[in-house]
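Please read the structure below before turning to the comments.
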2 protein chains.
Amino acid sequence: MCDIAAWHDCTVAVRLRAKHATWENAIIRAVTSIDVARAAGVSQSAVSRAFSPGSSISARTKQKVLAAAASLGYRPNRIPAIMLSGRSFMVGVVIGGLENPFYATALERLATALRESGLQVLLMHVDDALTLDSALDRLVSYRIDAIVTSLAIGSKAVVQALSQLRLPVVCFNSSHVGPWISTVNSNNHGAGLVAARLLGRHGMQRPLWLAGPSRNSASRARGRGFCQGVRDTGIPSARLVRVQGNDTYDSGYDAIARLQKQGIRPDAIFSSNDMMACGAIDALRECMGLHCPHDVAIMGYDNIPQAAWRSYDLTSFDQQTDQMVARAMQLLDEALGTQDGPVSRTCIVDAQLIERGSTRAAR
Amino acid sequence: MCDIAAWHDCTVAVRLRAKHATWENAIIRAVTSIDVARAAGVSQSAVSRAFSPGSSISARTKQKVLAAAASLGYRPNRIPAIMLSGRSFMVGVVIGGLENPFYATALERLATALRESGLQVLLMHVDDALTLDSALDRLVSYRIDAIVTSLAIGSKAVVQALSQLRLPVVCFNSSHVGPWISTVNSNNHGAGLVAARLLGRHGMQRPLWLAGPSRNSASRARGRGFCQGVRDTGIPSARLVRVQGNDTYDSGYDAIARLQKQGIRPDAIFSSNDMMACGAIDALRECMGLHCPHDVAIMGYDNIPQAAWRSYDLTSFDQQTDQMVARAMQLLDEALGTQDGPVSRTCIVDAQLIERGSTRAAR
DNA sequence: TGTTGTTTTGCATAGCTATGCAATTTTCCG
DNA sequence: CGGAAAATTGCATAGCTATGCAAAACAACA
């Protein structure tokens with residue numbers, strides 16, 4: 001019924017003819033500061049100074065230049081400055097997994113923070129680690145000043161590749177460190193402890209740790225914290241269930257659905273992230289007839305918007321994106337500002353427990 | 001309007017540090033092709049050719065160059081080429097509203113497509129139309145080749161600002177057109193018709209159109225299609241309820257929650273997007289005691305991942321992101337390839353109805 | 001070997017702006 | 001008004017690579 005768009009039918013081509021022959025030249029050659037200088041009757045230096053705040057130029061000259069620039073449609077060109085200074089004010093942002101709303105939001109905040117610091121975002125989306133190398137080559141060929149990545153830097157090889165760039169790198173939630181590499185981590189281990197204590201207060205006896213892929217170091221840290229917290233609280237030790245595949249809703253759903261066959265019946269679940277937790281809630285109800293929070297208490301991580309949606313009402317840990325981004329900017333500034341060579345710092349931000357209905361047992 | 005001086009101001013702090021960086025670079029200078037040439041005992045041209053596929057160079061020379069380059073850690077530099085060719089192979093991508101998973105996914109796909117076409121993404125996140133002007137100035141100062149934006153270009157002023165850049169612009173779901181501006185639209189109106197027909201088949205009698213903000217032209221088109229479809233089908237005409245604020249889950253929830261007081265009791269809702277639809281489902285249950293699909297059939301738009309989550313199981317229209325991105329790339333290639341001046345084309349992609357439980361009335 | 005044709009190499013340059021420095025103009029003050 | 005100080009302006013250049021063109025090396029062939 002809805003057939004593929006026949007775009008030859010729906011397409012409207014509108015070609016606009018030039019009124020003056022001049023604009024065609026403008027395509028071939030952009031308006032330069034020399035053009036403006038000629039039009040304003042000043043030197044090219046004056047044009048440059050008119051657009052550089054704080055430089056030595058009289059109000060009258062600046063006025064003339066700006067007028068000429070406006071009439072010619074001149075736009076300052078930062079490319080030559082990159083060559084001269086060796087600084088492009090571009091930061092390579094390497095991301096993946098935007099289907100997780102947490103990363104999408106983080107990217108948004110990061111982009112805003114970078115913009116406000118006068119830095120541009122050269123975005124590189126990578127599907128897997130394989131494409132990372134060529135992605136880095138590309139970024140570097142544009143002479144980026146630094147790299148910020150939210151990828152969970154899993155392998156030593158990736159760390160080495162990053163270090164060899166001899167560029168400041170700031171990672172989110174990466175456990176590996178090395179020269180040139182700084183990281184901002186959520187306090188994953190601490191949050192795991194808090195999660196376990198919360199279950200202890202509710203008297204849970206059959207906790208389950210719903211783990212993300214083992215290559216995800218942040219997930220591993222959450223699990224370690226949780227299991228330790230469970231031991232500390234004196235609850236019977238937590239059962240580990242690891243999702244197959246990625247840390248998505250479907251993976252969480254499937255992992256819990258499999259419990260049915262195995263005869264496992266948890267009364268509390270701590271999930272490596274919110275999407276998996278939502279999948280778990282639905283699987284419990286649909287496959288096992290268990291309801292949250294009446295039969296099972298559930299906690300996630302990330303505090304994605306959907307955790308607050310009423311159908312899930314999911315207790316979660318907020319990663320405090322704003323703080324983490326602010327820290328990342330600090331580390332970045334520090335790395336960019338120093339002349340002392342490779343900087344490597346780590347910085348940990350506490351996650352905040354957001355209690356919602358999914359852990360309010362109504363027994 | 002386009003205050004160029006203003007954004008220069010915000011980079012002053014960083015600029016000062018750049019001086020130090022320059023001074024420092026005199027000591028730790030990036031490896032250039034000249035360094036490699038010296039090390040390999042060849043001319044700088046040879047180095048350039050060794051890294052330009054298809055250029056005239058003997059295997060032996062290339063070998064020497066690559067070896068020297070590897071040992072020095074040389075990385076090709078595209079910045080001078082930008083100056084020479086006037087082409088940066090960077091595309092400015094202007095986005096906002098990543099909290100809507102649909103846009104996040106679209107960005108991911110777009111970034112991938114651009115990368116595969118050898119284009120870089122210079123990302124610009126804008127919170128509102130106010131920051132757009134300065135954002136554009138920044139992008140242009142990096143000599144981007146084109147702009148792609150998923151913002152709903154609402155106002156004539158924005159269109160004019162974009163046109164004045166004299167750069168190819170490709171918009172998603174924008175109704176306004178103009179020189180230099182091409183658009184890829186979802187068939188919003190057609191989808192509205194389809195939605196109405198679906199309700200007609202189910203015998204609904206009290207349809208409600210849950211409208212997004214009136215400035216959103218895509219939302220308006222969906223509403224027009226729906227209302228016309230409702231008329232065509234002979235159902236009593238659809239009631240309009242417009243959200244206050246943005247097109248989010250909360251807005252959808254609140255809009256439906258308000259129905260209670262007004263004594264409105266729909267038996268079918270077509271929502272401007274999925275997030276609002278999810279809010280509507282929850283509000284119906286919590287505030288009015290109505291259940292979906294038993295009491296009310298609900299449809300959304302975008303087919304975000306959450307629409308498939310079992311707690312919502314929402315019928316939706318898939319915007320066929322892959323197709324839309326592919327079309328956008330075609331329009332982009334066309335605009336970049338032509339020398340004939342400003343191109344303006346429009347292209348429409350049908351949305352695909354995804355029927356799920358929210359419209360499977362179990363009466 | 002000489003000649004012609006082909007491949008490879010190096011030279012020289014363009015591309016545009018920011019900035020140090022010197023020259024010039026303006027301002028200030030005695 | 002004169003001269004010193006300050007402000008402004010212009011000149012010249014650096015920054016790095018891709019590429020047209022000419023020169024050189026090489027290959028093929030008689």
Side-chain angles (χ1 to χ4, degrees), chain A residues 25-26 28-38 40-65 69 72 74-89 140-143, chain B residues 4-5 8 11-12 14-38 40-65 68-69 72 74-89 140-143:
Chain A
N25 296 334
I28 295 171
R29 202 179 55 80
V31 179
T32 73
S33 62
I34 298 181
D35 299 328
V36 176
R38 233 190 321 257
V42 298
S43 71
Q44 180 269 329
S45 321
V47 179
S48 172
R49 290 184 178 113
F51 286 97
S52 307
S55 42
S56 162
I57 188 171
S58 70
R60 204 164 50 92
T61 306
K62 189 167 182 174
Q63 201 61 30
K64 276 196 297 185
V65 170
L72 291 179
Y74 169 74
R75 309 250 170 194
N77 179 357
R78 300 195 78 170
I79 300 297
I82 296 175
M83 283 182 55
L84 288 177
S85 70
R87 287 269 267 130
S88 66
F89 296 94
V140 171
S141 76
Y142 279 86
R143 287 297 181 261
Chain B
I4 292 170
H8 269 273
T11 68
V12 168
V14 191
R15 187 182 299 262
L16 294 179
R17 276 206 307 280
K19 278 186 197 166
H20 290 273
T22 305
W23 175 81
E24 177 66 14
N25 281 349
I27 300 170
I28 306 178
R29 202 173 40 82
V31 179
T32 73
S33 62
I34 298 181
D35 299 328
V36 177
R38 231 186 325 255
V42 297
S43 72
Q44 179 268 329
S45 320
V47 179
S48 171
R49 290 184 178 112
F51 285 95
S52 310
S55 39
S56 160
I57 189 171
S58 69
R60 205 163 51 92
T61 307
K62 189 167 183 174
Q63 202 61 30
K64 276 195 297 184
V65 170
L72 292 179
Y74 169 72
R75 308 246 171 197
N77 180 355
R78 299 193 75 168
I79 300 297
I82 297 175
M83 282 182 57
L84 288 177
S85 69
R87 286 267 268 132
S88 67
F89 294 93
V140 170
S141 76
Y142 279 86
R143 288 298 182 260

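Residue numbers begin at 1 in each chain, while the letters A, B, ... track the order of the sequences.
- The side chain of A:Ser48 sits closest to C:dA18 out of C:dT8, C:dA18, D:dA18.
- As rounded to whole Å, 16 Å separates atom C1' of C:dC16 from atom CG of A:Leu72.
- Residue contacts shown for A:Ser58 are limited to sugar-phosphate atoms, with no base heavy atom under 4.0 Å away.
- Rounded to whole Å, atom P of D:dC16 lies 9 Å from atom CG of B:Asp35.
- No side-chain heavy atom of B:Ile82 sits less than 4.5 Å from a side-chain heavy atom of B:Tyr142.
- Using a 4.5 Å heavy-atom cutoff, the side chains of A:Ile34 and A:Arg38 are in contact.
- B:Ser45 contributes a side-chain N or O that forms a donor-acceptor pair with the base of C:dC11 under 3.5 Å.
- Side-chain proximity of A:Gln44 to the nucleotides C:dG10, D:dG10, C:dA18 is greatest for C:dA18.
- Side-chain proximity of A:Ser56 to the nucleotides C:dC11, D:dT9, C:dT8 is greatest for D:dT9.
- Backbone-only contact: A:Thr32 has heavy atoms under 4.0 Å from sugar-phosphate atoms and none from a base.
- Relative to the side chain of A:Arg49, the nucleotides D:dC11, C:dT9, D:dT17 differ in distance, and D:dC11 lies closest.
- The distance between atom CZ of A:Phe89 and atom P of C:dA18, rounded to the nearest whole Å, is 11 Å.
- Residue-level contact check: A:Ser33 touches the backbone only, with heavy atoms under 4.0 Å from sugar-phosphate atoms and none from bases.
- Taking atom NZ of A:Lys62 as the reference point, atom P of D:dT8 lies 11 Å away to the nearest angstrom.
- As judged by a 4.0 angstrom heavy-atom cut-off over every strand, B:Arg78 is placed among residues making no nucleic acid contact.
- Checking C:dC11, D:dT9, C:dC16 against the side-chain heavy atoms of B:Met83 singles out C:dC16 as nearest.
- When each of B:Ile57 and B:Pro80 is assigned the nucleotide of DNA chain C bearing its nearest heavy atom, the one mapping closer to the 5' terminus is B:Ile57.
- Counting only heavy atoms from C-beta outward, the side chains of A:Arg143 and B:Arg75 approach each other to under 4.5 Å.
- Considering only side-chain N and O atoms, A:Tyr74 lies under 4.0 angstrom from the phosphate OP1 or OP2 of C:dT17.
- Across the protein-nucleic acid pair, B:Phe51 atom CZ and D:dT19 atom P stand 15 Å apart, rounded to whole Å.
- Considering all non-hydrogen atoms of both residues, A:Ala69 and A:Val36 come closest at N-CG1, 3.8 Å.
- Atom C1' of nucleotide C:dA18 and atom CD1 of A:Ile34 are separated by 13 Å, given to the nearest angstrom.
- Between A:Arg49 and A:Ser56, the closest heavy-atom pair is CD-O, 3.4 Å.
- Comparing C:dA18, C:dG10, D:dC11 by their nearest atom to the side chain of A:Leu84 picks out C:dA18.
- For the pair A:Gln63 CD and D:dT8 C1', the computed distance is 17 Å after rounding to whole Å.
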